[in-house]
Amino acid sequence: MNEFFVKGMALLGAGIAMVAGLGAGLGQGFAAGKGAEAVARNPEAAGEIRSTMILGIALAETTGLYSLVIAIMLIFMKG
Amino acid sequence: MDVSKMKHLAFSINGFDFRISAPVLNWICVCIIFSIIFIVVGNKFKKADPTKMPSKTVFVFETLTEIILNILSGNLGKYNKKYLPVFGTIIIVMIVSNLMGLIGLQPPTSNIGVNLVLGLLYFTMIQVRAIKTNGVVGRVKGLLEPFSFLLPLNLLGEMALPISLSLRLFGNILSGSIIMTLIYALMSYLGVFGILGYAITPFLHIYFDIFSGFVQGYVFMMLGSFFLGEQLEK
C-alpha cells in the first residue's frame, strides 16, 4: 500500500465521482424545457416564469456540486 | 508583492502562529467597507426630507430596498420589514464578494469557513424563530409531526438545510475560480499564441463571475427567506 497506489486510486476516484454531472445536466435541461413551454403557453407571465426557472435550475445543480467538492478534495489532499 | 496571488498572511504573536488565508482577508475588508457605506447612507436617510426630491445616494438605496422588500414579501408576509436587515445585507455583500473574481482577487466565498458561518447564521435564525413561534415543547412536538419514529429523519432534514446552502455557494464560486486559473495557466503555457486566449476569457468571466454570482446570491436569499417563512405563524 505504497503512496503511488493511494495517489492513483485517489485520482481515479475523483474521475469516477464526476459521473454525477450527468444527473445535474439532465435535470437542468428538463427544467429549462418546461420553462420554455410555459412561456410559450402564456407569454405575459414571462418575467415570473424566468425567476422561478432560474431558482429551480440553481437548486437542481446542487448534487452535481457535491460531487465536485468531493473530487476537488480528493485531488488536492491525496493526489 | 502581488496581492492577487497571495495565499495567506502569516504572523505570530507571543509565539502563537496565526495564518489567515487570502479569501478571509478579502471578506474582512468587504465587511469593513460595507459597514462604513451603510452607516453613512443611514445618516443620509435620517436627515432626508420626505417632501423634497431625494438626493442621488438616497434614491439608489431606496429603490434597492423597495425591490428587496417586494421579493421578501412573497415569502415572509408582514414580517419582511423585521427581517430586511439580514437578507438585504446578505444579498448585497454576497453579490459584491462574488464579483471580486473579476478584479483578480480571490472571492471570499471560495473559502469553506466563510460559507459554513453563513449557513450557521441561517440555522440559528430559523431555530430561534421556530422556538419563539411554538415554544420549546411545541417545537419538539413539531419534530414528531407525522409519525414519532421519523424523528431522526426530521432532525437530519433540519441539519441538511444549512449544509446544502453553504456547499452550493462554495462549490459554484470555487469551481469558477479554479477554471479561470486553469485557463490563464494554459494561456501562459502557450507563450506567444496565448494572446489569442484573451478573445474568449471575457465570455467565461461573464458566465462564471457575473451570472453565477448574481444567481447564487439571489438563490441564497430566496431559500433562506422561504425556510424562515415556514416557521412563522400562519
Side-chain angles (χ1 to χ4, degrees), chain A residues 7-8 10-39 42-79, chain B residues 7 21 23 67-68 70-75 91 94-95 98 109-116 119 157 159-182 207-208 210-227 229:
Chain A
K7 197 166 178 171
L11 291 173
L12 188 68
I16 292 180
M18 285 315 293
V19 174
L22 203 107
L26 271 179
Q28 284 182 334
F30 200 72
K34 290 287 186 183
E37 198 176 311
V39 168
N42 191 2
E44 292 174 347
E48 295 240 351
I49 293 178
R50 193 177 301 142
S51 304
T52 310
M53 187 181 84
I54 297 246
L55 189 69
I57 283 181
L59 250 63
E61 195 167 16
T62 310
T63 45
L65 281 176
Y66 289 164
S67 74
L68 177 73
V69 168
I70 290 187
I72 287 182
M73 283 204 300
L74 275 175
I75 291 181
F76 284 114
M77 286 193 200
K78 287 287 184 190
Chain B
K7 288 290 174 56
S21 56
I67 294 176
I68 297 178
N70 265 342
I71 297 177
L72 286 180
S73 73
N75 281 333
I91 190 172
M94 184 164 297
I95 285 182
N98 288 345
T109 35
S110 68
N111 189 1
I112 185 75
V114 174
N115 295 336
L116 287 179
M159 296 285 306
L161 169 70
I163 294 179
S164 83
L165 274 179
S166 44
L167 278 185
R168 175 183 304 127
L169 191 60
F170 172 63
N172 264 310
I173 308 296
L174 182 72
S175 69
S177 76
I178 284 182
I179 290 181
M180 293 315 295
T181 310
L182 285 176
Y207 174 66
F208 283 118
I210 301 181
F211 181 69
S212 231
F214 271 93
V215 167
Q216 291 306 315
Y218 175 70
V219 164
F220 199 73
M221 187 185 81
M222 284 292 289
L223 278 179
S225 65
F226 176 73
F227 281 107

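Within every chain, numbering begins at 1; the chains are lettered A, B, ... in the order of the sequence lines, protein sequences first and strands thereafter.
Against chain B, the residues from residues 45-54 of chain A that qualify, each with a non-hydrogen atom under 4.5 angstrom away, are S51(A), I54(A) in number order. Proximity to chain B among residues 19-30 of chain A is not found for any residue, judged by heavy-atom separations below 4.5 angstrom.
Neither the backbone nor the side chain of I112(B) comes within contact range of chain A; no heavy atoms are under 4.5 Å apart. With a threshold of 4.5 angstrom between heavy atoms, I57(A) does not approach chain B through any atom at all.
Of all the listed residues (L223(B), V215(B), I178(B), N172(B)), the one sharing the greatest number of non-hydrogen pairs under 4.5 Å with chain A is N172(B).
Distance check, rounded to the nearest 0.5 Å: CG of L169(B) to OG1 of T62(A) gives 11.0 Å.
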Show, in sequence, the C-alpha distance, side-chain angles and deciding distance for L167(B) and L65(A), and conclude whether the side-chain contact (heavy atoms from CB on, under 4.5 Å) test is met. CA-CA 8 Å; L167(B) 278 185; L65(A) 281 176; over 6 Å; no
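Counting heavy-atom neighbours within 6.0 Å of M159(B) CE, excluding the residue itself, gives a total of 12 or less.
What you find for Q216(B) and A58(A) is that their closest heavy atoms are NE2-CB, 4.2 Å.
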